[in-house]
Amino acid sequence: MRDAIRPETPYNHRMEGWIRIGDVQVDIERLRALAHTCDPMKCRYTKCCCRSYEVTVDKLEIDRVAGTVPDAAKLAPTLIEDGELIDPIDETEGGYCLNTDEEGECVFAYRTEDGAIRCSMHSLALQWNLPPEDVKPKSCTLWPLAIHGKNPAQLSVQDDAYDFPCNTPIEKCTPRLHRGVAEIVEAIFGRPFLDELQAALPQTPE
Ligand code: SF4
């Protein structure tokens with residue numbers, strides 16, 4: 001059974017090495033030990049996030065995601081079946097998720113001529129001059145980070161993140177988050193949250 005990436009799931013974790021910012025507990029040890037660089041070319045022959053998870057969407061995202069289908073289908077042919085646009089949302093016992101093809105690949109994923117796997121919602125956002133996080137599901141923007149629980153929510157790293165070639169461990173901890181991780185934190189939580197997190201990182205590498 002495939003793991004789900006979802007913005008919020010129940011989770012318990014040790015609190016050593018965590019800091020709290022507002023309503024969020026942040027696993028700073030794991031966040032700052034991660035380097036993340038999205039490179040669709042690497043997805044050609046290796047594990048890819050767009051065909052590895054059940055991508056959950058919340059009710060508020062359903063209309064937004066469904067609204068992209070007519071344009072996204074011009075890039076992602078899996079959004080068309082028998083000449084008709086498909087419903088990209090599947091309802092499960094646990095809520096709603098994005099549909100996949102028979103290979104388990106998200107119906108919004110598509111391949112470019114060079115074989116790279118790309119997200120049609122992400123591509124549309126760039127065409128529309130919108131931040132991708134304003135178009136894609138939160139689960140996708142967040143990956144390879146993960147949010148568990150509520151009050152407080154816990155921000156950490158997806159357990160299988162290092163199975164993917166776009167994620168590598170940082171051997172020597174630095175006093176700043178890796179740029180790819182910082183961009184995700186800013187997209188989800190905003191710039192003031194990121195600044196507070198960066199300032200809270202121990203400044204002397206251990
Ligand atoms: S919506 Fe886009 S980023 Fe998310 S799994 Fe599908 S193709 Fe990948």
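Order of appearance sets the numbers: ligands from 1, and atoms from 1 within every ligand.
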**Request:** Give the contacting part of Leu98 toward ligand 1: side chain, backbone, both or neither, where contact means a heavy-atom distance below 4.0 Å.
**Result:** side chain
**Message:** Quick check: do Phe164 and Ser52 have side-chain heavy atoms less than 4.5 Å from each other?
**Reply:** yes
**Item:** Lys136 near ligand 1 by a heavy-atom separation under 4.0 Å
**Value:** yes
**Item:** Numbered atoms and elements of ligand 1 in range of Cys106, under 4.0 angstrom, heavy atoms
**Value:** 1 (S), 5 (S), 6 (Fe), 7 (S)
**Message:** Can you confirm whether Asp39 is buried at CG, in the sense that more than 12 heavy atoms of other residues, nucleotides or ligands lie under 6.0 Å from that atom?
**Reply:** yes
Atom pairs and distances, donor-acceptor, side-chain atoms in residues 178-194, under 3.5 Å, two or more places apart:
unit_1	atom_1	unit_2	atom_2	d
His178	ND1	His36	N	3.2
His178	ND1	His36	O	3.4
His178	ND1	Gly180	N	3.0
Arg191	NE	Asp195	OD1	3.0

**Asked** What's the verdict on salt bridge (Lys or Arg N to Asp or Glu O under 4.0 Å) for Arg30 and Asp159, showing C-alpha distance, side-chain angles and the deciding distance?
**Response** CA-CA 10 Å; Arg30 293 194 71 193; Asp159 282 341; 3.5 Å; yes
**Prompt:** Against heavy atoms of Met121, which atoms of ligand 1 measure under 4.0 Å?
**Reply:** 1 (S)
**Prompt:** Against heavy atoms of Ala109, which atoms of ligand 1 measure under 4.0 Å?
**Reply:** 7 (S)
**Request:** Give the numbers and elements of all ligand 1 atoms closer than 4.0 Å to a heavy atom of Cys140.
**Result:** 1 (S), 3 (S), 4 (Fe), 5 (S)
**Item:** Which of the ligand 1 atoms, numbered from 1, are nearer than 4.0 Å to a heavy atom of Val55
**Value:** 5 (S)
**Asked** Is a side-chain donor-acceptor pair under 3.5 Å present for Tyr110 with Ser123?
**Response** yes
**Request:** Could I get the full list of side chain to side chain donor-acceptor pair (under 3.5 Å) partners for Asp114, not counting sequence neighbours?
**Result:** Thr112
**Item:** N, O or S from Cys119 under 2.8 Å to atom 8 (Fe) of ligand 1
**Value:** no
